[in-house]
S.K.: 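Starting off with a structure, shown below.
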Amino acid sequence: MVMCASTRGGGEEAYRNLYAHGTRNTLEAFSGTPVIFCSSTAVYGITDGRWITEEHNVYPSSGKNGLLIQAEQAVLAAGGTVVRLGALYGPGRCVLVSQYVTKGKALPGAMNRWLNYIHRDDAAAALHLLCTLREPPAGIYNLTDRTPMQMGEIYSYLSNLLGKPAPQPEPLPAEARRGFSNQRISCSRLMALGWEPLYPSFADGVHNVLEALEE
């Protein structure tokens, strides 16, 4: 069973209902069924740009991330698998690209911040692999592409590609939900199982996002 759900931007109470309570109820209802739980690399909460593996401690930067960790712990205690996904993108899904193309604006935060993306198709392929292995591997797996990019590097690439000026940096509001993390996530543990991303970096996969916007 793959538990891959979203609060669609909900607050802490939505996280508690969906992840903390929902995970507990699902594990009880389907006791003995191998479970793969989709979490987020946001739980690491690292801000100094270092490389991160599954062995690193987590530093939840919000109550919502703490609730994700509660759900992870329940799944791991039941012998399940936790998959921590980077920022999902693909056709019709990428705030960074849509904001830049339609408004010429950058995401809030420092331009030297490292971003960790995973293309929708690569995420689906990785989850399919985990589902079809003879023995579902217990433990934690990071699911990002192989090559983190700094935000300024991404905008420079898009600027050259589209022939439009790169956006000016946007200050990070005090109440911002995102934009504080600065970390490079390693996906080597997942790759050791045989998974290989079709889009090794955001620069490789952003083209079909742009194509979808043009359409």
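Small disclaimer: the values here were computed from a predicted structure and weren't measured.
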S.K.: Does L210 reach the side chain of L162, with side-chain heavy atoms less than 4.5 Å apart?
M.R.: yes
S.K.: Are L85 and V43 connected in the hydrophobic side-chain network, where two residues link if heavy atoms are under 4.5 Å apart?
M.R.: no
S.K.: Return yes when atom NZ of K164 has more than 12 non-hydrogen atoms of other residues, nucleotides or ligands closer than 6.0 Å, and no otherwise.
M.R.: yes
S.K.: Is there a path from M3 to L18 through hydrophobic residues (I, L, V, M, F, W, Y) whose side chains come within less than 4.5 Å of each other?
M.R.: yes
S.K.: Can you tell me how far OG of S39 sits from CD1 of I69, rounded to the nearest 0.5 angstrom?
M.R.: 7.5 Å
S.K.: Show your working on side-chain contact (heavy atoms from CB on, under 4.5 Å) between M111 and Q150 and close with a plain yes or no.
M.R.: CA-CA 7 Å; M111 285 292 179; Q150 290 179 304; over 6 Å; no
S.K.: Between L193 and P137, is there a side-chain heavy-atom distance shorter than 4.5 Å?
M.R.: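 Result yes, sub-4.5 Å side-chain heavy-atom pair found.
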S.K.: To the nearest 0.5 Å, tell me how far E196 CD sits from M191 CE.
M.R.: 4.0 Å
S.K.: Do the charged groups of E54 and R84 touch, with an N to O distance under 4.0 Å?
M.R.: no
S.K.: Work out which heavy atom in G86 is nearest to a heavy atom in I118; give both atom names and the distance.
M.R.: O-CG2, 3.7 Å
S.K.: Taking C-beta and beyond as the side chain, do Y19 and Q70 meet within less than 4.5 Å on heavy atoms?
M.R.: no
S.K.: Drop me the distance from L88's CG to S6's OG, to the nearest 0.5 angstrom.
M.R.: 9.5 Å
S.K.: Measuring from T144:OG1 to I52:CD1, what's the distance to the nearest 0.5 Å?
M.R.: 11.0 Å
S.K.: Just so I know, are the side chains of E12 and L67 near enough to count as touching, which here means a heavy-atom distance under 4.5 Å?
M.R.: yes
S.K.: Can you check whether R113's main-chain N or O pairs, donor with acceptor, with N182's side chain at less than 3.5 Å?
M.R.: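 Looks like no, no N/O pair under 3.5 Å.
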S.K.: Measure from the side-chain N and O atoms of S98 to the backbone N and O of C94, and report whether any donor-acceptor pair falls under 3.5 Å.
M.R.: yes
S.K.: Go through the steps to decide whether D122 and W195 satisfy the test side-chain contact (heavy atoms from CB on, under 4.5 Å), and finish with yes or no.
M.R.: CA-CA 9 Å; D122 284 330; W195 172 74; 4.0 Å; yes
S.K.: Walk me through whether L158 and V206 qualify under side-chain contact (heavy atoms from CB on, under 4.5 Å).
M.R.: CA-CA 9 Å; L158 291 173; V206 73; 4.0 Å; yes
S.K.: Please report the closest heavy-atom contact between D145 and C187, naming both atoms and the distance.
M.R.: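 That closest heavy-atom pairing would be O-SG, 3.8 Å.
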S.K.: Linking I/L/V/M/F/W/Y whenever any side-chain heavy atoms sit under 4.5 Å apart, do V95 and M151 land together?
M.R.: yes
S.K.: Tell me the closest heavy-atom pair linking T23 and A71, and the distance in Å.
M.R.: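 In this case the closest contact between T23 and A71 is OG1-CB, 3.6 Å.
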S.K.: Determine the minimum heavy-atom distance between W51 and I185, stating which atoms define it.
M.R.: CZ3-O, 3.5 Å
S.K.: Has the side chain of N17 got a donor or acceptor atom that lies under 3.5 Å from a matching backbone atom of A14?
M.R.: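 Not at all, since once roles are kept as given, no pair shorter than 3.5 Å links the two residues.
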S.K.: What about L130 and M1, same hydrophobic cluster or not, with Ile/Leu/Val/Met/Phe/Trp/Tyr joined at side-chain heavy-atom distances under 4.5 Å?
M.R.: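 Different clusters.
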S.K.: Quick check: are there more than 12 heavy atoms from other residues, nucleotides or ligands sitting under 6.0 Å from CD of Q168?
M.R.: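 Result for CD/Q168: open.
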S.K.: Output yes when a side-chain donor or acceptor of S31 lies under 3.5 Å from a complementary backbone atom of E28, and no otherwise.
M.R.: no
S.K.: Below 4.5 Å, heavy atoms only, C-beta onward: do C38 and V2 meet side chain to side chain?
M.R.: yes
S.K.: Quick one: are L68 and F37 in side-chain contact, heavy atoms under 4.5 Å?
M.R.: yes
S.K.: Flag yes if I140 and L143 sit in one hydrophobic cluster, no otherwise; membership is Ile, Leu, Val, Met, Phe, Trp, Tyr, and two members link when side-chain heavy atoms are under 4.5 Å apart.
M.R.: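 No; L143 is not reachable from I140 via cluster members.
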S.K.: Any ring-ring contact (aromatic ring centres under 6.0 Å, His included) pairs touching residues 113-150, not counting sequence neighbours?
M.R.: Y89-Y117, Y89-H119, Y117-F202, H119-Y199
S.K.: To the nearest 0.5 Å, what is the distance between CZ (R189) and OG1 (T53)?
M.R.: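 Answer for the CZ-OG1 pair, R189 versus T53, is 7.0 Å.
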S.K.: Between Q183 and N116, what is the shortest heavy-atom contact and its length?
M.R.: O-ND2, 2.6 Å
S.K.: Can you find a heavy atom in the side chain of P91 that is under 4.5 Å from one in the side chain of R120?
M.R.: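 Yes, side chains in contact.
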S.K.: Nearest heavy-atom pair of H56 and Y44: which atoms, and what distance?
M.R.: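 Closest pair (atom of H56, atom of Y44, distance): O-CE2, 4.0 Å.
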S.K.: Within the 4.5 Å heavy-atom criterion, are N142 and L190 side-chain neighbours or not?
M.R.: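 No, side chains not in contact.
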S.K.: Nearest 0.5 Å, please: how far is NZ in K64 from CD in E13?
M.R.: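 Rounded to the nearest 0.5 Å, the CD-NZ separation comes to 12.5 Å.
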S.K.: Going by the side chain to side chain contact (heavy atoms under 4.5 Å, CB included) test, name the single residue among I154, L96, L172 that passes it with L107.
M.R.: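 Running side chain to side chain contact (heavy atoms under 4.5 Å, CB included) over I154, L96, L172 with L107 returns exactly one hit, L96.
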